Amino acid sequence: MSKYSKIILFIITFFVSIFFFLQRNYLFGFFFTLLSFIPVFFIFRNEFLLLAFLKIRKKDMNGLKKYLGYIKNPKLQLTKNQIAYYYFLNGILYSERNILKSESYMQKSLHFGLKFKQNIAIAKLNLAIASLSRGEKKMAKILLLEAKKTDTYGLLHDQIQIIQMQMKKINIGNKNKQNPYIRKS
């Protein structure tokens, strides 16, 4: 359901409640007034994103994919802040299967503006992993430093250390590559 249809549903139920108050039927008027605030709540908190967050807490990726699939047009159905978390959840969903698709979703989520520092740190850590997989060691270092700075609670400390150790093991560049034109004896 788009956010505009939720606004229209709110207006209709609110006018019905006013009608019942004018008819001096206060019980139904009060009931419809309370009922009219439900669509307003779901304008600012999308029901499918709420269910997707519940699925990610349970680590149910199939359920996460199912509920994110219900959002067909994020720009029409969600507010700007919700769009950021829609892309963030998609980035987490694809982080294990397709790192390049995950990277594009994480960049979009940072572009739309994630609210919490911990989520920003997770997004930057995923971007660092993606740039490391593409062979951009310098960009990965920058993103890891940014992730370390925004990780205020230290929840990602172990993951950042693992990625830094892997960066030391990976030798990217032409420094230690053997010249292919030299004959081996």
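Hydrogens, waters and symmetry mates are skipped; everything else that's a heavy atom, side chains included, is used. Quick caveat: nothing in here was measured; it's all calculated off a predicted structure. FYI, the numbering just counts along the sequence from 1.
- A donor-acceptor distance shorter than 3.5 angstrom exists from the side chain of Gln77 to the backbone of Lys72, with no hydrogens or angles considered.
- Between Phe10 and Phe37, the two ring planes are tilted [angle within 30° to 60°].
- Using a 4.5 Å cut-off on side-chain heavy atoms (C-beta onward), Phe19 and Asn25 make no contact.
- Leu89 and Tyr70 fall within a single hydrophobic cluster, where Ile, Leu, Val, Met, Phe, Trp and Tyr are joined by side-chain heavy atoms under 4.5 Å apart, directly or via other members.
- By the neighbour-count criterion of 12 heavy atoms within 6.0 Å, atom CZ of Arg24 is sparsely surrounded, having that number or fewer from other residues, nucleotides or ligands.
- Contact record, Thr33 with Gly29: OG1-O, 2.7 Å, taken as the closest heavy-atom pair.
- Rounded to the nearest 0.5 angstrom, Leu76 CG and Ser5 OG are separated by 8.0 Å.
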Going through the checks in order, is the side chain to side chain contact (heavy atoms under 4.5 Å, CB included) test met by Leu93 and Met61? CA-CA 7 Å; Leu93 180 67; Met61 293 300 170; 4.2 Å; yes

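- Between the Thr13 side chain and the Leu9 main chain, a donor and an acceptor come within less than 3.5 Å of each other.
- In this structure, the separation between CD on Gln107 and CG on Asn126 is 11.5 Å, given to the nearest 0.5 Å.
- Of all the heavy atoms in Tyr86 and Pro74, the pair that sits closest is CE2-CG, 3.4 Å.
- Contact check for Leu143 versus Leu125: no side-chain heavy atoms found under the 4.5 Å cut-off.
- There is no path of hydrophobic side-chain contacts, each under 4.5 Å, that joins Phe21 to Phe15.
- The two residues Ser109 and Ala84 make their nearest non-hydrogen contact at CB-O, 3.2 Å.
- The closest side-chain heavy-atom distance from Phe88 to Ile122 is below 4.5 Å.
- A distance of 6.0 Å or more separates the ring centres of Tyr26 and Phe30.
- Stacking of Lys108 on the aromatic ring of Tyr87 is recorded, both the 6.0 Å distance cut-off and the 45° axial limit being met.
- Residue Phe20 places its CZ atom among more than 12 non-hydrogen atoms of other residues, nucleotides or ligands, all under 6.0 Å distant.
- Between Lys55 and Tyr67 the shortest heavy-atom distance is CE-CE1, 3.6 Å.
- Looking at every heavy atom in both residues, Met106 comes nearest to Gly91 through CE-C, 3.6 Å.
- Summarising the geometry, atom CG belonging to Asn98 is positioned 10.5 Å from atom CD belonging to Glu103; distances are rounded to the nearest 0.5 Å.
- Two residues are said to be in side-chain contact when any heavy atoms from C-beta on lie closer than 4.5 Å; Leu110 and Leu127 meet this criterion.
- A donor-acceptor pair is defined here as one N or O able to donate and one able to accept, closer than 3.5 Å; such a pair exists between the side chain of Gln82 and the backbone of Phe44.
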Side chain to side chain contact (heavy atoms under 4.5 Å, CB included) between Arg134 and Leu100: does it pass, once the steps are laid out? CA-CA 9 Å; Arg134 276 193 324 253; Leu100 297 177; 4.1 Å; yes

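- Note on Phe53 and Leu51: same hydrophobic cluster, where clusters join Ile, Leu, Val, Met, Phe, Trp and Tyr whose side-chain heavy atoms are under 4.5 Å apart, directly or indirectly.
- By the rule that hydrophobic residues join a cluster once side-chain heavy atoms approach within less than 4.5 Å of another member, Phe41 and Phe31 end up as members of one cluster.
- A distance of 9.5 Å separates CD1 of Ile99 from CD of Glu96, quoted to the nearest 0.5 Å.
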Side chain to side chain contact (heavy atoms under 4.5 Å, CB included) evaluation trace for His157 with Gln161: CA-CA 6 Å; His157 179 72; Gln161 293 298 324; 3.3 Å; yes

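- With hydrogens and angles ignored, the 3.5 Å screen pairs no side-chain donor or acceptor of Lys148 with any backbone N or O of Ile160.
- Side-chain contact check for Leu49 versus Ile71: some heavy-atom pair is nearer than 4.5 Å.
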Which atom pairs, one a donor and one an acceptor, fall under 3.5 Å between side chains of residues 111-119 and the rest of the protein, sequence neighbours left out?
residue	atom	partner	partner atom	Å
Gln118	NE2	Asp151	OD1	2.9
Asn119	ND2	Tyr85	OH	3.1

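- Judged purely by atom type and a 3.5 angstrom limit, Lys137 uses its side chain to pair as donor or acceptor with the backbone of Met167.
- From Lys66, atom NZ reaches atom CG of Leu64 across 12.0 Å, with rounding to the nearest 0.5 Å.
- Considering only heavy atoms from C-beta on, Gln166 comes within 4.5 Å of Ile163 through its side chain.
- Cluster annotation: Ile142 and Ile129 are assigned to distinct hydrophobic clusters (Ile/Leu/Val/Met/Phe/Trp/Tyr, side-chain heavy-atom contacts under 4.5 Å, transitive).
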Assess the residue pair Lys58 and Leu54 against the criterion (side chain to side chain contact (heavy atoms under 4.5 Å, CB included)); give the C-alpha distance rounded to whole Å, side-chain angles, the decisive distance to 0.1 Å, and a yes or no. CA-CA 7 Å; Lys58 294 180 182 179; Leu54 287 175; 5.6 Å; no

